[in-house]
Amino acid sequence: MSFSSISHLVCPKCKSTYDDTIVNQLCICGSPLLVEYDLDSLKGKKKNEVINTKRHDLWRYHQLLPVRNPAHVVSLGEGLTPIIPMSNIGAKIGIPQLFMKDEGLVPTGSFKARGAAVGVSKAKELGIKQLAMPTNGNAGAAWSLYSARAGIDSYIIMPVDAPPITRKEVAVSGAHLYLVNGLISDAGKIVGELVKDQGFYDASTLKEPYRIEGKKTMGYELLEQFEDSIPDVILYPTGGGVGLIGIYKAIKEWQELGWIKGNKIPRLVAVQAEGCAPIVKAWQERKTESVFWENSETAAFGINVPKAIGDFLVLDALYQTDGCAIAVTEEDIKKVHRETAQIEGAFICPEGAATFAAAATLRENGWIKEGETVVCLNTGQGIKYPELVETDPPVLERGDSASKIAVSSVLK
Ligand SMILES: *Cc1c(COP(=O)(O)O)cnc(C)c1O
Ligand SMILES: [Zn+2]
């Protein structure tokens with residue numbers, strides 16, 4: 001068997017097909033391209049004959065990933081993140097079977113490493129020497145570090161307001177870092193020009209077809225980890241929506257391979273912030289595309305995307321799985337962010353906190369039913385956003401006595 005069963009690229013809008021062995025970005029019709037595999041050649045095989053179970057990272061799924069030659073794999077050990085029971089929060093919000101898939105544990109501190117690992121590997125396979133991308137921070141951090149490992153020169157443009165730590169991650173990688181006084185959409189316009197003028201590879205969200213393939217491995221892992229007890233609901237903090245599109249693609253592929261028992265499909269939920277909720281608005285209006293969200297704002301920076309190029313794919317995944325889209329308030333994000341650390345010991349990112357806040361609301365209004373199994377994706381490390389936590393601890397002087405410590409009479 002070859003290393004990858006990749007067959008070609010296809011446009012989900014106009015159905016044009018493209019060759020994956022040469023550089024392709026968007027379809028001529030403007031739509032993102034998706035990777036197709038020769039699933040027929042794998043049909044009849046058992047899951048564990050196709051998955052390389054000796055590998056404890058996302059490359060265990062190499063047969064369903066786009067890199068043709070194993071020599072081109074650029075890896076820092078990304079993937080195979082744990083599923084953690086969140087029983088304390090679960091008890092509080094009435095979802096005893098509440099779990100978190102913790103993507104904070106991948107290299108570079110966010111699940112963007114999955115997309116970067118596969119995207120950069122394929123870029124290397126295609127002979128790319130220079131790439132450019134706009135980012136809200138985490139993607140730039142991941143792509144610049146993986147590019148460094150691959151020997152690819154990267155140009156990264158991010159909003160001045162992006163989490164400062166991601167700026168440092170990009171800087172330490174030796175990438176060409178630029179800040180923009182504006183949003184990711186403004187950074188995107190500048191990258192667009194750079195790509196046009198310099199002939200750089202455009203690594204913007206969904207403008208290259210392979211990032212989604214890396215992110216879809218979250219779906220494979222969920223299916224593998226839950227095995228026969230497929231979750232009822234999966235909540236995903238949605239910006240560009242690549243992760244959600246990817247999880248849906250993963251489910252469809254395994255379904256086609258006959259690897260999902262009872263053919264059960266989880267309901268997918270796109271979680272956004274009230275300050276930037278174009279997908280939620282479109283879903284509420286049963287639209288198939290979203291409208292640019294003016295003056296977007298949220299502390300959950302990874303989901304501050306006013307208009308996603310793959311919005312129609314996100315919405316399709318929601319409709320096809322009987323899922324929904326929901327927006328949460330900044331207050332709730334902050335409250336849940338703190339609470340998750342205080343009652344679960346999990347220091348998660350604000351985007352992840354948004355999914356727990358959304359789960360509480362959906363349980364309250366009955367959309368999540370009693371006894372259902374629910375998974376929230378925590379897409380990054382809490383320690384990437386230190387500025388979200390305000391601290392003002394008392395300072396002791398040398399020689400101070402312990403009588404200065406206010407001992408609580410209430411035990412946890
Ligand atoms: C990028 C990002 C998201 C949103 O991911 P998409 O797949 O683009 O929707 C969510 N959380 C974090 C921490 C991110 O960095
Ligand atoms: Zn097309």
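Just so you know, ligand 1 is whichever comes first in the structure, and atom 1 is the first atom listed for that ligand. FYI, side chains are in, hydrogens and waters are out, and symmetry mates aren't considered; it's all heavy atoms of this structure. The residues of the chain are indexed from 1 along the displayed sequence.
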**Message:** Taking 2.8 Å as the limit, list every protein N, O or S atom around the Zn ion (ligand 2), by chain and residue number.
**Reply:** Cys11 SG, Cys14 SG, Cys27 SG, Cys29 SG

**Asked** Taking the side chain from Glu208 and the backbone from Val23, do they hold a donor-acceptor pair closer than 3.5 Å?
**Response** no

**Message:** Can you tell whether the side chains of Lys189 and Glu193 come within less than 4.0 Å, N to carboxylate O?
**Reply:** no

**Prompt:** Between Tyr178 and Tyr155, does the ring centroid distance fall short of 6.0 Å?
**Reply:** no

**Prompt:** Using the ring of each side chain (for Trp, its six-membered ring), is Phe3 parallel, tilted or perpendicular to His62, with breaks at 30° and 60°?
**Reply:** parallel

**Asked** Does Lys122 make a cation-pi contact with Tyr210, if we ask for NZ or CZ under 6.0 Å from the ring centre and within 45° of the axis?
**Response** yes

**Message:** What verdict does the side chain to side chain donor-acceptor pair (under 3.5 Å) test give for Tyr61 and Glu221, after you've listed the backbone C-alpha separation in whole Å, the side-chain angles of each residue and the deciding distance to 0.1 Å?
**Reply:** CA-CA 9 Å; Tyr61 309 110; Glu221 287 177 21; 5.0 Å; no

**Asked** Hey, is the main chain of Asp332 close enough, under 3.5 Å, to the side chain of Thr329 for a donor-acceptor pair?
**Response** yes

**Message:** With a 4.0 Å heavy-atom cut-off, what residues sit around ligand 1?
**Reply:** Phe111, Lys112, Asn138, Lys215, Tyr236, Pro237, Thr238, Gly239, Gly240, Gly241, Val242, Gly243, Gly302, Ile303, Glu351, Thr379, Tyr385

**Prompt:** Hey, would you say the Phe301 and Tyr385 ring centroids sit under 6.0 Å apart?
**Reply:** no

**Message:** Strictly distance-based, threshold 3.5 Å: is any side-chain N or O of Arg167 a donor or acceptor partner for the main-chain N or O of Leu179?
**Reply:** no

